[in-house]
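Written out below as structure tokens is the structure these notes cover.
Basis for what follows: all heavy atoms, side chains included, without hydrogens, waters or symmetry-related copies. Worth saying up front: this structure is predicted, and the values here are computed from it rather than measured.
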Amino acid sequence: QVQLVESGGGLVQPGGSLRLSCAASRSAATIYVMGWYRQAPGKQRELVADITRTGTTTYADSVKGRFTISRDNAPNTVFLQMNSLKPEDTAVYYCKTSGASDYRSFEVWGQGTRVTVSS
């Protein structure tokens with residue numbers, strides 16, 4: 001079973017930068033998409049960015065030009081470089097991976113890492 005471990009969150013001032021990482025455990029599964037979601041206080045979880053195995057990326061409009069997602073395929077690791085952080089970026093950020101094992105699709109979520117951007 002794939003397991004995800006996230007790291008890199010913390011407290012940062014507006015305009016600062018953080019880099020999040022999410023590492024997937026080794027398995028026989030094929031991971032197609034890895035992405036980052038976030039959930040702010042009082043809000044529902046939303047997609048921040050994701051990336052396919054071949055490098056195609058998708059970004060939420062709110063983070064375009066500021067955040068960059070990247071990944072390594074061996075081992076499976078996804079990164080989120082966050083620049084020009086704003087207070088509204090404050091949230092718990094969750095890594096998500098989608099893939100397949102034995103011709104069955106799966107989705108796995110990480111435990112989340114907290115990002116706080118002070119005012």
Looking at side-chain heavy atoms only, is the closest gap between Ser101 and Phe106 below 4.5 Å? yes
Is the number of heavy atoms from other residues, nucleotides or ligands under 6.0 Å of Glu46 CD greater than 12? yes
Considering all heavy atoms, the nearest Leu4-Cys22 contact: CB-SG, 3.8 Å
Ring centres of Tyr37 and Trp109 under 6.0 Å apart? yes
Reported CG-to-CZ distance for the pair Asn76 and Arg53, which is rounded to 0.5 angstrom: 6.0 Å
Run the side chain to side chain contact (heavy atoms under 4.5 Å, CB included) check on Trp36 and Glu6 step by step: do they pass? CA-CA 10 Å; Trp36 289 96; Glu6 300 138 315; 4.0 Å; yes
State, with a plain yes or no, whether a side-chain heavy atom of Tyr94 is found less than 4.5 Å away from one of Gln111. no
Do Pro14 and Pro87 have side chains that get closer than 4.5 Å, going by heavy atoms? yes
Ignoring hydrogens and angles, tell me if any N or O in the side chain of Gln3 forms a donor-acceptor pair with the backbone of Ser25 under 3.5 Å. no
Do NZ/NE/NH1/NH2 and the carboxylate oxygens of Asp50 and Lys96 come within less than 4.0 Å? no
Spacing of Tyr59 atom OH and Ile51 atom CD1 [to the nearest 0.5 Å]: 7.0 Å
Do Asn83 and Ser17 get their side chains close enough for a donor-acceptor pair, meaning under 3.5 Å? yes
Please round to the nearest 0.5 Å and tell me the distance separating atom CG of Asp89 and atom CZ of Phe67. 4.0 Å
Roughly how far apart are Phe79 CZ and Arg19 CZ, rounded to 0.5 Å? 5.0 Å
Under 4.5 Å between any side-chain heavy atoms of Tyr32 and Thr52, yes or no? no
Is there side-chain contact between Gln81 and Ser70, with heavy atoms separated by less than 4.5 Å? no
Do Thr116 and Thr90 have side-chain atoms, one donor and one acceptor, less than 3.5 Å apart? no
Cluster question for you: counting only ILVMFWY and a side-chain heavy-atom cut-off of under 4.5 Å, with indirect links fine, are Val78 and Val92 together? no
For a 4.5 angstrom cut-off between non-hydrogen side-chain atoms, does Val117 reach Leu18? no
Straight-line distance of Met34 CE to Cys95 SG, nearest 0.5 Å: 4.5 Å
CD of Glu88: more than 12 outside heavy atoms within 6.0 angstrom? yes
Hey, are the side chains of Arg71 and Ile31 touching, using non-hydrogen atoms and a 4.5 Å cut-off? yes
Salt bridge check: are Lys64 and Asp61 linked by an N-O gap of less than 4.0 Å? yes
Could you give the distance from CE (Met82) to CZ (Arg38), rounded to the nearest 0.5 Å? 9.0 Å
